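The structure appears below as structure tokens.
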Amino acid sequence: KFEVNQVNPTIYHAIKELQINEISEPFKIKDDNGNDIYKIVQLKSKTKPHKASIKDDYNLIQDMALAVKQQEFINEWIIEKQKDTYIKVKEEYEDCEFKFGNW
């Protein structure tokens, strides 16, 4: 499941006119290493833009809430570990703003 802004423009161009369950023509795209690859994609479903609701977007909302809780846990862990962990910051980075202070 992807939102329009998450899809590579080349892939979006290949699927924008597809109907549900249609398969695209093969198209060339670059992979993460800059190599040319060919893809064929199928449009499984399409939804119109809408405000998120528990009824329609429960899994998405659940995933987002879980991600927030996980990040909060990691942040608390880092703050707690800073209290008893020696960290040396090179002089060239001493004036940097760190996400977690107390360095």
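Basis for what follows: all heavy atoms, side chains included, without hydrogens, waters or symmetry-related copies. Owing to the predicted nature of the structure, the values given are computational and were not obtained by experimental measurement.
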Next item on the list: Run the numbers on Asn75 and Lys99 for side chain to side chain contact (heavy atoms under 4.5 Å, CB included), then give the verdict.
Entry: CA-CA 10 Å; Asn75 292 352; Lys99 181 175 180 179; 4.3 Å; yes
Note to self: As a quick check of understanding, evaluate side chain to side chain contact (heavy atoms under 4.5 Å, CB included) for Ile37 and Lys30, giving each step before the final call.
What the structure shows: CA-CA 6 Å; Ile37 59 173; Lys30 300 259 185 207; over 6 Å; no
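Around CG of Asp31, the count of heavy atoms belonging to other residues, nucleotides or ligands within 6.0 Å exceeds 12. By the neighbour-count criterion of 12 heavy atoms within 6.0 Å, atom CD of Glu72 is densely surrounded, having more than that number from other residues, nucleotides or ligands. Atom NZ of Lys46 is surrounded by more than 12 heavy atoms from other residues, nucleotides or ligands within 6.0 Å. Enclosure of atom CG in Asp32 is not indicated, since only 12 or fewer non-hydrogen atoms of other residues, nucleotides or ligands lie within 6.0 angstrom.
When hydrophobic clusters are built by joining Ile, Leu, Val, Met, Phe, Trp and Tyr residues whose side-chain heavy atoms come closer than 4.5 Å, directly or via intermediates, Phe100 is grouped together with Ile74. In this structure, Ile61 is not a member of the same hydrophobic cluster as Met64, with clusters built from ILVMFWY side-chain heavy atoms closer than 4.5 Å. Put simply, Tyr93 and Ile87 are part of the same group of oily side chains (I, L, V, M, F, W, Y) that touch within less than 4.5 Å, one to the next.
Here Asp57 contributes atom CG and Lys51 contributes atom NZ; the two are 13.0 Å apart, rounded to the nearest 0.5 Å. We find the CD-CD1 distance between Gln62 and Ile54 to be 9.5 Å, quoted to the nearest 0.5 Å. Between the OH atom of Tyr12 and the CD atom of Gln6 there is a distance of 14.0 Å, given to the nearest 0.5 Å.
The shortest distance between side-chain heavy atoms of Ile29 and Tyr38 does not fall below 4.5 Å. Contact of the Val89 side chain with the Phe98 side chain is registered, since non-hydrogen atoms from C-beta on lie closer than 4.5 Å. Counting only heavy atoms from C-beta outward, the side chains of Val41 and Leu43 never approach each other to under 4.5 Å.
For Ser24 against Ala14, the heavy-atom pair with the smallest separation is CB-O, 4.0 Å. For the pair Lys28 and Thr10, the tightest heavy-atom approach, listed with the atom from each and the gap, is O-CG2, 3.8 Å. Heavy-atom minimum distance, Lys44 versus Asn21: O-OD1, 4.1 Å.
Without hydrogens or angle criteria, Gln42 side chain to Ile23 main chain gives no donor-acceptor distance under 3.5 Å.
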